[in-house]
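Okay, structure first, notes after.
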Amino acid sequence: MTTVIKNGTIVTADMTYEGDVKIAHGKIVEIGRHLEGEEVLDATGCYVMPGGIDPHTHLEMPFMGTYSSDDFESGTRAALAGGTTMVVDFCLPSPNQSLLEALAMWDNKTGKASCDFSFHMAVTWWGEQVWKEMAEVVDRGITSFKHFMAYKGALMVDDDEMFSSFQRCAELGALPLVHAENGDVVAQMTQKLLDAGNNGPEAHAYSRPPEVEGEATNRAIMIADMAGVPLYVVHTSCEQAHEAIRRARAKGMRVYGEPLIQHLVLDETEYFNTDWDYAARRVMSPPFRNKQHQDSLWAGLQSGSLQVVATDHCAFTTQQKRFGVDNFAKIPNGTGGLEDRLPVLWTKGVNTGRLTMNEFVAVTSTNIAKILNLYPRKGAIVLGADADIVVWDPKRSKTIKADSQQSVIDYNVFEGIEVTGLPRFVLSRGKVSIVENEVRTEVGHGKFVAREPRNPVNRALSQWKEISAPRKVERSGIPATGV
Ligand SMILES: NC(=O)NCCC(=O)O
Ligand SMILES: [Zn+2]
Ligand SMILES: [Zn+2]
């Protein structure tokens, strides 16, 4: 069957123009005027954009004694409902577990996905087995490796392990990712706060101030530079971390920063709410920051020093959050946002003039497609691309409410925010999955997307590092050793 999206304005990361889009067998087969097809989707008054790609989700993830509540079924449904057509989740091996064994476990979770997905592999320990298996993981199309510099005693790796892993990434043409917070300092700060009786959710924020993130970001950048590999910093939340990324990029380093929609819009005052549940539901790492940090993140998106807006969707119910009722360090870290990322960013970004429509497409889809070597199969409206498309109605509005969301949790951190700009249609490889409020997603339609290593940035950096590597000076007359 052929489908035509008619009468819309196509908006990509670099162009805005009138045109119809024809789809067959899940791909874009024609772009032009007055196209015909068996199924017609009317996009009058709408923008036809590449579907969102969320490169940072944790679906059904074992974490802090429980599992995140949205799985690949509810998570990908929430994604599609909000205009996101691909998610990249994290495979987390336990300490000493084989990466391949962990991957098999994660593969088992994905059968219910209704949009396409990929994985980042986490490096949670180091040894010859990990070194070897990283090559196999890359062969299977997973070309990015996550390193947690926090969560001491659980997922955290030290500098030695990170440097080894980053060098392996350089050899394999893969991309290292970091959760950048100084885990040693956070662990001690946490204990000090608890000893002083400071056990509420607000102490979570006190235990990991912006300096802790800034230091780790600088350290990860230095280690990546020594290893000769690009670096992607997840959930960049503050000026200190942004400044490190900005400075590195100004020096020509290949470093990317990813603010979350939560950090752009919600601030630290959320933790001072006197309702324990309200504050605990917003506990995530890094924590929400103040308005100055938010301004810095918006400026980074505007100026190009930050490239991607993600969600870090890791949803826990109120019941799960209550594991930490006497001790903030036991509150499962994470918030939701998959369904809300695009509408909230459009409302707070495009509708306020902070972002152009093309910048919106860049930071929600195209930039990450390029960084992860998915472009132009994903993140583009071009011939041959996957028909992962959102038809965006800039006039549709709603008030965000947990009651009507796709996520299975019982609250929404954006509750009460009025958004203007919502999908009219969302297509996942050509399948019409969302028609305004009607959900037509198909369980199992989502497929794993394999990625190739050695994207152009990896190759360019390796070439430059090879040319500029330290070299032994050849000397003709070497003096005899004087004994
Ligand atoms: N961010 C967060 O609080 N939870 C998910 C795990 C992580 O990304 O650190
Ligand atoms: Zn993290
Ligand atoms: Zn995360």
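Given the structure is predicted, the values throughout are model-derived calculations rather than measurements. Just follow the structure's listing: the first ligand is 1, and inside any ligand the first atom is 1. Residues take their numbers from the sequence shown, with the count starting at 1. These values consider heavy atoms only, across backbone and side chains, with no hydrogens, waters or symmetry-generated copies.
Closest to the Zn ion (ligand 3) among the N, O or S atoms of His58 is NE2. When distances from the Zn ion (ligand 2) to the N, O or S atoms of His179 are compared, ND1 comes out shortest. For Asp312, the N/O/S atom at the shortest distance from the Zn ion (ligand 3) is named OD1. In terms of distance to the Zn ion (ligand 2), the nearest N, O or S atom of His235 is named NE2.
Gln302 places a side-chain N or O within 3.5 Å of a backbone atom of Arg354 that can act as its donor or acceptor partner. Formation of a donor-acceptor pair under 3.5 Å by the Lys321 side chain with backbone atoms of Val283 is found in this model. Using a distance-only test at 3.5 Å, with no hydrogens or angles considered, a donor-acceptor pair links the side chain of Asn373 to the main chain of Glu452.
Close contacts of ligand 1 with His235, meaning ligand atoms under 4.0 Å from a residue heavy atom, involve 8 (O), 9 (O). Of all the atoms in ligand 1, the ones that sit under 4.0 Å from a non-hydrogen atom of His56 are 8 (O). For ligand 1, the atoms closer than 4.0 angstrom to any heavy atom of His58 are 5 (C), 6 (C), 7 (C), 8 (O). For ligand 1, the atoms closer than 4.0 angstrom to any heavy atom of Cys314 are 5 (C).
Judged as a salt bridge (charged side-chain N to carboxylate O under 4.0 Å, His left out), and not counting sequence neighbours, the contacts of Lys465 are Asp225. Under the rule for a side chain to side chain contact (heavy atoms under 4.5 Å, CB included), the partners of Thr143 that lie at least two apart in sequence or sit in another chain are Val138, Arg451, Pro453.
Both the backbone and the side chain of Met284 come within 4.0 Å of ligand 1, judged by heavy-atom distances.
Taking atom 4 (N) of ligand 1 as the reference point, the nearest protein heavy-atom neighbour is Asn333 O, 3.0 Å. What sits closest to atom 7 (C) of ligand 1 on the protein, heavy atoms only, is Tyr151 OH, 3.4 Å. In this structure, the protein non-hydrogen atom closest to atom 1 (N) of ligand 1 is Asp312 OD2, 2.6 Å.
Considering only heavy atoms from C-beta on, His179 comes within 4.5 Å of His235 through its side chain. No side-chain heavy atom of His204 sits under 4.5 Å from any side-chain heavy atom of Pro201.
Using a 4.0 Å cut-off between a side-chain N of Lys or Arg and a carboxylate O of Asp or Glu, Arg168 and Glu171 qualify as a salt bridge.
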Steps toward side-chain contact (heavy atoms from CB on, under 4.5 Å) verdict (Ile400, Glu415): CA-CA 5 Å; Ile400 294 178; Glu415 181 86 21; 5.6 Å; no
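At least one N/O/S atom of His56, from backbone or side chain, sits under 2.8 Å from the Zn ion (ligand 3).
By the 3.5 Å distance cut-off applied to N or O atoms, Ser285 is counted among the residues near ligand 1.
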